[in-house]
Asker: 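After the structure tokens below, expect a handful of questions from me.
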Amino acid sequence: MIARVSGASRKGEPRIPVEDRLFSLVLALLATETGLLKAEILSSVRGYAERYDESGQNANLERQFERDKDDIRELGIPLETVESPDRPGDNQALRYRIPKGQYDLPEEVRFTPDELALLGLAAEVWREASLSSDSQRALTKLRSLGIEPREPVIGYAPRLRVRDAAFEPLRQALDRRQTVRFRYFKPGEPAPRERIVDPLAVVLHEGRWHLHGFDRNAGGPRTFLLSRIIGKVEPVPGLTFDAPPPGIQDRILAELDELRLRNAADLAVTAGSDAEVRLGKRAVLRDEDAGVIRLHYTDAAVFADELAAYGPEVRVISPASLRDAVRERLAAVVAAHRDGGAA
Amino acid sequence: MAKRAKPLKAPDKLVFLLSFVPYLLERRVVDVAEAAQHFGMTEAEIRDAVRLIATSGLPGSTGTYQPNDLFDIDWDSFEDDDVIVIVHHVAIDDAPRLSAREAAALMAGLQYLSASPESAGSASLASLKAKLAAGASSAPSRLAVAETEADASLAVIREAVAEGRQVEFDYLNARGERGRRRADPLRIISQDADWYLQAYCHTREDVRNFRVDRMSDLVLTDEPIGDHSHRVVPDTLFQSSDSDLAVVVDVAPSTLPLLADYLADSRAREVDGRLRVTLRLSHVHGLKRLVAGLPGLVTVVAPAEARAAVAEWAAAGLAGYAGREASDDDPRGTGATDGST
């Protein structure tokens with residue numbers, strides 16, 4: 001192979017922008033059937049070739065190529081590594097390619113203007129870093145189909161916030177099938193305890209993010225509330241796990257729903273109050289005369305927090321455990337505020 | 001179609017280039033302005049991208065990027081008429097697949113929208129999710145949002161806008177005042193599980209946010225909706241005003257994100273392992289609910305009236321349980337009526 005010019009003589013030239021190099025790399029790898037050797041890529045593809053050193057000092061360029069490969073794969077582009085049948089295990093004989101059949105969006109995946117309008121709204125739901133940039137990229141890809149989304153009848157600004165610090169590291173670990181460790185504060189336990197968990201699914205249920213995973217200490221599946229994770233979620237080096245069955249996230253949601261239906265609370269609500277209007281919308285049974293409604297709930301501690309916010313507008317009749325939990329919370333708020341402020 | 005604020009990073013620019021090429025091939029002849037509109041980019045960004053694509057291609061067998069291995073465009077149309085036509089293309093012609101994470105983000109967003117009237121029911125939602133999964137290069141991340149049924153009111157509001165008619169409803173505001181309102185719906189906003197209608201309220205003669213779950217007896221009227229194109233509809237649910245109450249609180253550090261909507265500024269001072277911050281709220285009615293709903297995690301420091309209001313609110317709640325238990329009642333439950341020092 002003939003390199004155009006040696007690296008040294010090109011130093012004065014403007015640097016090729018990163019996206020230009022990545023674009024050239026993707027084009028080159030898509031166009032090859034058999035794959036390209038790393039040496040071929042570094043010596044010929046735009047963005048690398050300008051800095052390629054014929055004498056073999058290309059360690060920086062090789063590291064650059066490794067990072068670029070990771071970036072490209074992160075975007076969902078199926079960049080493959082093919083071993084040489086004659087020289088298995090030889091890194092210099094590895095070939096790289098992007099099979100076109102696995103790169104192209106399948107023919108049957110096409111969207112109507114109505115569907116694209118809904119997908120546009122779905123992307124707007126997320127404002128937080130990774131979910132937002134992932135959904136914006138997805139929209140960019142779908143725009144390549146050239147279909148204009150239908151304008152909605154009324155404007156929308158939907159927003160679902162992710163306020164648990166544990167969410168981002170868990171989402172990463174989920175995708176990379178990486179075991180993690182974190183400290184978890186379970187209600188009823190005196191202090192947070194370390195857990196080592198294979199994260200299998202992350203779901204939002206009743207307004208709370210839950211992690212479902214295999215708890216390596218307990219030796220079984222467990223579901224955790226992200227809001228009860230204390231401090232950092234850290235990967236456990238070297239520990240990974242097999243992909244969980246598809247649709248596990250939907251099964252976990254169904255399980256949480258079953259759990260919710262098993263817990264019922266009877267609440268006395270003040271007529272005309274915020275509690276009556278808002279909790280009343282979720283009631284499954286209602287005694288208008290007595291001002292009593294029945295609601296299902298998933299987690300007693302979470303529900304007790306919500307009920308405490310209503311102050312005198314709601315009183316728990318049953319179960320006793322929920323009643324005690326609300327009472328304890330109200331007493332704690334009173335105790336913290338009983339004397340004058342000390343600002 | 002799109003609006004975008006932040007500058008794109010290199011991977012985002014790559015995704016755009018890989019998406020822009022099949023778009024240009026699909027459309028054959030496109031104005032720069034139209035392409036900019038479609039991708040939510042500036043015309044200058046589109047022209048830069050066209051120039052980059054037109055000089056890109058394959059290194060070829062000699063590694064020298066010969067003309068036949070490069071993209072080419074109709075340069076006359078581009079330079080003279082601002083029109084893009086690709087006349088030769090290499091390597092790509094189709095839309096790229098979604099990544100597992102991208103597909104999952106949209107699927108979870110769709111699940112959240114099941115509560116909105118735009119979502120046309122669970123069957124079409126399921127087929128749309130299946131299409132996204134089929135369009136992903138590997139199994140979408142295992143991320144899900146529980147689907148909820150749309151509030152019936154939202155469907156009525158949507159119908160009102162489609163037909164251009166005003167709505168009328170009973171509304172219980174945050175201060176506990178109830179009244180009949182007549183309004184022209186402008187926009188539907190949501191935040192997590194809460195849905196709001198932004199509307200021009202004929203009763204108050206101004207734009208107001210209404211919590212959908214505080215609305216009842218909602219009906220369509222025969223009155224037409226007015227023209228509100230000149231009105232500024234606020235982008236956020238919480239607008240500060242001069243009459244806001246400034247409240248100093250101590251908060252457990254992990255709870256701070258839950259107060260983000262109310263923070264007056266970014267200042268926080270550490271006091272005994274907690275963070276002392278200032279919140280801005282329109283009324284003490286909101287404050288007492290906020291603090292009582294985060295028991296043990298937020299304590300009001302000042303002013304004394306706000307502290308007292310929270311104490312009274314919780315004490316009144318506690319009083320509801322007095323005498324109903326066999327066990328001893330906490331004497332604090334009935335006594336604390338003010339926060340005077």
Side-chain angles (χ1 to χ4, degrees), chain A residues 18-19 22-23 27 30-31 44-45 71 75-76 78 104-105 109 115 122 125 131 134-135 137-138 140-141 143-144 146 153-160 163 175 201-205 207 248-249 253 277-278 281 305 308-309 311-312 315 327 329-334 336-338 340-341 343, chain B residues 10 13-15 17 19 22-23 26-27 58-59 63 91 94-95 97-99 101-102 105-106 109-110 112 135 137 141-146 161-162 172 187-191 193 213 248 257 289 292-293 295-296 299 301-302 307 310-311 313-318 320-321 330 332 336 339 341:
Chain A
V18 181
E19 65 271 19
L22 294 174
F23 186 52
L27 293 178
L30 269 168
S44 71
V45 172
D71 284 351
L75 299 174
D104 292 342
L105 195 68
V109 180
E115 289 175 331
V125 164
L131 281 164
D134 283 339
S135 36
R137 270 185 207 142
T140 301
K141 290 180 180 176
R143 284 185 190 120
S144 64
V153 168
I154 180 169
Y156 285 92
R159 179 171 187 193
L160 181 53
R163 299 189 285 188
D175 287 327
V202 172
V203 300
L204 182 76
H205 184 259
I248 185 174
Q249 66 274 30
L253 281 176
V277 173
R278 291 177 52 193
K281 295 231 171 184
D305 284 352
R315 187 168 52 80
R327 220 163 54 127
R329 281 161 172 73
L330 290 168
V333 173
V334 172
H337 293 87
R338 64 192 313 196
Chain B
K13 288 183 184 171
L14 171 63
V15 165
L17 291 170
S19 307
Y23 167 77
E26 172 73 28
R27 299 295 306 273
L58 306 172
D94 267 326
R97 288 190 195 211
L98 306 178
S99 74
R101 292 169 64 94
E102 291 163 0
L106 285 187
L110 284 175
Y112 172 72
S137 55
S141 325
R142 288 158 177 93
L143 180 74
V145 171
V161 175
L172 179 70
R187 182 159 68 159
I188 293 170
I189 284 200
S190 76
Q191 181 150 279
D213 62 0
V248 179
R289 291 171 191 274
T299 306
V301 176
R307 238 178 108 77
V310 172
W313 181 248
L318 200 52
Y321 298 97
D330 189 336
R332 289 173 300 189
T341 39

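Naming: A, B, ... by sequence-line order, numbering from 1 per chain.
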Asker: For chain B, which of A/G311, A/S135, A/G207, A/A31 has the most heavy-atom pairs under 4.5 Å?
Answerer: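 Top count of heavy-atom pairs under 4.5 Å with chain B: A/G311.
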
Asker: B/L143 and A/Q249: side-chain contact (heavy atoms from CB on, under 4.5 Å), yes or no, with the steps?
Answerer: CA-CA 6 Å; B/L143 180 74; A/Q249 66 274 30; over 6 Å; no

Asker: Which one, A/V109, A/L27, A/L30, leads in non-hydrogen pairs under 4.5 Å with chain B?
Answerer: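 Of the options given, most contacts go to A/L27.
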
Asker: If you count heavy-atom pairs within less than 4.5 Å of chain A, which of B/G109, B/A162, B/G135 leads?
Answerer: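 Option with the top pair count is B/G109.
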
Asker: Within this structure, what is the CZ-CG distance for the pair B/R101 and A/D134, rounded to the nearest 0.5 Å?
Answerer: 5.0 Å

Asker: With chain B as the partner, which of A/I248, A/D71, A/D305, A/L131 has the greatest number of non-hydrogen pairs under 4.5 Å?
Answerer: A/D305

Asker: How close do B/L318 and A/A331 get, counting heavy atoms only, and between which atoms?
Answerer: CD2-CA, 3.7 Å

Asker: Between chain B and each of A/A308, A/S144, A/A138, A/G76, count heavy-atom pairs under 4.5 Å; write down the option with the most.
Answerer: A/S144

Asker: Given heavy-atom pairs under 4.5 angstrom as the criterion, report whether the side chain, backbone, both or neither of A/V203 touches chain B.
Answerer: both

Asker: Determine the minimum heavy-atom distance between A/V334 and B/A311, stating which atoms define it.
Answerer: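 So the minimum-distance heavy-atom pair works out to CG2-O, 4.0 Å.
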
Asker: Return the option, out of A/A157, A/G146, A/P158, with the maximum number of heavy-atom pairs under 4.5 Å with chain B.
Answerer: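 Heavy-atom pairs under 4.5 Å are most numerous for A/A157.
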
Asker: Please confirm whether the backbone N or O of A/R159 pairs with a side-chain atom of B/S190, one donor and one acceptor, at under 3.5 Å?
Answerer: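 Indeed, once roles are kept as given, a pair shorter than 3.5 Å links the two residues.
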
Asker: If I compare all heavy atoms of A/D175 with all of B/S141, which pair ends up nearest, and what's the gap?
Answerer: OD1-OG, 2.7 Å

Asker: Looking only at heavy atoms, which two atoms of A/V333 and B/A314 are closest? And how far apart?
Answerer: CG1-CB, 3.6 Å

Asker: About how many Å separate CG of A/L75 and CG of B/L98, when rounded to the nearest 0.5 Å?
Answerer: 11.5 Å

Asker: So which part of B/I189 gets closer than 4.5 Å to some heavy atom of chain A, the side chain, the backbone, both or neither?
Answerer: both

Asker: Quick one: of B/G317, B/G296, B/A144, who has the most non-hydrogen atom pairs under 4.5 Å with chain A?
Answerer: B/A144

Asker: So which atom in B/P59 and which in A/V45 form the shortest heavy-atom distance, rounded to 0.1 Å?
Answerer: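 Where B/P59 meets A/V45 most closely, the heavy atoms are CG-CG2, 4.2 Å.
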
Asker: Under a 4.0 Å N-O cut-off, is there an ion pair linking B/D213 with A/K281?
Answerer: no

Asker: Can you tell me which portion of A/L253 sits under 4.5 Å from chain B's heavy atoms? Options are side chain, backbone, both or neither.
Answerer: side chain

Asker: Which atom pair, heavy atoms only, marks the closest approach of B/A95 to A/K141?
Answerer: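 Heavy atoms of B/A95 and A/K141 come nearest at CB-O, 4.1 Å.
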
Asker: Nearest 0.5 Å please: distance from the OG atom of B/S137 over to the CG atom of A/D104.
Answerer: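 Between B/S137 OG and A/D104 CG, I get 12.0 Å after rounding to 0.5 Å.
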
Asker: Quick one: pull up CZ in A/R137 and CG in B/L14 and give me the separation to the nearest 0.5 Å.
Answerer: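 That separation rounds to 9.5 Å.
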
Asker: Are B/P295 and A/L330 close enough that some pair of their side-chain heavy atoms sits under 4.5 Å apart?
Answerer: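 No - every pair of side-chain heavy atoms lies 4.5 Å or more apart.
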
